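Note that the numbering runs from 1 along the sequence shown for the chain. Since we're looking at a predicted model, the values are computed, not measured.
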Amino acid sequence: MDNDSPWEEDPKVDHVPEVEWTKITSEFTNTGYREGIIAGKEAFLQAGFDAGFADVGVPLGRELGKLRGVAAAIGSFLNSQNPNSLDLEELHAISAILSTIHFSDIVPPDLEAEQHAKEHLGVDELATVEHTESLEAEMESQKKRATEDVANAKERLALLSVKLALPVLV
């Protein structure tokens with residue numbers, strides 16, 4: 001047979017397309033798998049964000065904003081009536097409390113996320129869990145105080161608005 005013939009069967013030539021096909025198939029499979037994992041994570045991440053935003057973020061933010069707005073409205077009213085009143089001093093005390101409270105101070109912990117994180121800690125990270133848990137307990141105590149401060153400020157504002165015959169907070 002002639003070595004220059006294109007029809008000659010060479011085992012090396014037959015093997016190359018098969019290796020390339022296997023490599024291409026493997027690359028597409030891996031890429032598809034990665035893209036599927038990423039898309040799945042993004043979908044669940046967005047759903048979790050939406051739920052947290054609607055169920056936690058908006059109601060807490062609205063409540064805190066409403067209290068600050070009511071305090072500002074009552075303050076404006078009191079300043080126009082009698083800038084030296086005891087009621088204005090009470091309002092300043094309430095406003096001072098409200099100004100120190102941040103959203104992160106009153107948002108409840110995401111227990112599911114914390115549990116998930118603990119389940120996936122590495123061996124080296126487990127040593128710091130005890131320290132982290134003591135910090136979490138301290139933060140929980142601060143959150144509880146902040147939540148109590150919000151409730152207290154709301155109650156004081158309601159009493160002040162009733163006293164002034166301003167039904168702005170019910």
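Taking CG from Leu64 and CD1 from Ile106, the interatomic distance works out to 5.0 Å, rounded to the nearest 0.5 Å. Here CZ of Phe77 is found 10.5 Å from CG of Asn82. Values are rounded to the nearest 0.5 Å. Distance check, rounded to the nearest 0.5 Å: OG of Ser26 to CD1 of Ile24 gives 11.0 Å. Rounded to the nearest 0.5 Å, atoms CG (Leu91) and OG (Ser161) are 10.5 Å apart. The structure places CD of Glu35 at 10.5 Å from CD of Glu42, a figure rounded to the nearest 0.5 Å. Rounded to the nearest 0.5 angstrom, Arg68 CZ and Ser99 OG are separated by 7.0 Å.
Shortest non-hydrogen contact noted between Leu88 and Gly75 is CD1-O, 4.2 Å. Leu98 and Ala71 get closest at one heavy-atom pair: CD1-CB, 4.3 Å.
Remark: the backbone N or O of Ala73 is not paired with any side-chain donor or acceptor of Ser76 at under 3.5 angstrom.
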With side-chain contact (heavy atoms from CB on, under 4.5 Å) as the test, would you mind laying out the steps for Glu27 and Asn30 before giving the verdict? CA-CA 5 Å; Glu27 286 177 14; Asn30 290 340; 5.9 Å; no
Test side-chain contact (heavy atoms from CB on, under 4.5 Å) on Leu60 and Glu63; report intermediate values, then the result. CA-CA 5 Å; Leu60 287 176; Glu63 179 71 15; 5.7 Å; no
Show your working on side-chain contact (heavy atoms from CB on, under 4.5 Å) between Leu159 and Lys163 and close with a plain yes or no. CA-CA 6 Å; Leu159 291 172; Lys163 179 182 177 184; over 6 Å; no
Go through the steps to decide whether Leu78 and Leu164 satisfy the test side-chain contact (heavy atoms from CB on, under 4.5 Å), and finish with yes or no. CA-CA 9 Å; Leu78 288 173; Leu164 299 169; 3.7 Å; yes
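Enclosure of atom CZ in Phe53 is not indicated, since only 12 or fewer non-hydrogen atoms of other residues, nucleotides or ligands lie within 6.0 angstrom.
Hydrophobic clustering (side-chain heavy atoms under 4.5 Å, transitive across Ile, Leu, Val, Met, Phe, Trp, Tyr) keeps Phe103 apart from Phe49.
Residues satisfying the side chain to side chain contact (heavy atoms under 4.5 Å, CB included) criterion with Arg62, sequence neighbours excluded, are Val58.
With a 4.5 Å cut-off on side-chain heavy atoms, Arg34 and Ile37 do not count as touching.
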